[in-house]
Amino acid sequence: MALYSKIIDLQKLQNAWKQVYKNKPKEGVDSVTCEEFEADKDARLKALWKELVNHTYTCMPVCRFRWCLFTREKRFDI
């Protein structure tokens, strides 16, 4: 438990967000764009931090995109 609390702190989440924001990623599985998150980043990061501290955070399922080279077919998997 002590190691977890050393890893997860608000400052580290803010620094991690800065790194993500530099890359300008596309929207995530929650359909939130980088710009939308940035507009309210302090409240969103604090809410995430609270969930992590209280051990109530649950991640959303990952959406995977596949492209078949031979058939040119697109597939989305969850």
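When all heavy atoms of L10 and L45 are compared, the closest pair comes out as CD1-O, 3.8 Å. Between S31 and E36, the closest heavy-atom pair is O-OE1, 3.7 Å.
Taken from CH2 in W17 to NZ in K41, the straight-line distance is 8.5 Å, to the nearest 0.5 Å. The CD atom of E51 lies 7.0 Å from the OG1 atom of T58; values are rounded to the nearest 0.5 Å. The NZ atom of K46 lies 10.0 Å from the CD atom of Q14; values are rounded to the nearest 0.5 Å.
Looking only at distances, no side-chain donor or acceptor of N23 sits under 3.5 Å from a matching main-chain atom of P25.
Surrounding CH2 of W49 are at most 12 heavy atoms belonging to other residues, nucleotides or ligands under 6.0 Å away.
Between the side chains of N15 and Q11, at least one donor N or O sits under 3.5 Å from an acceptor N or O.
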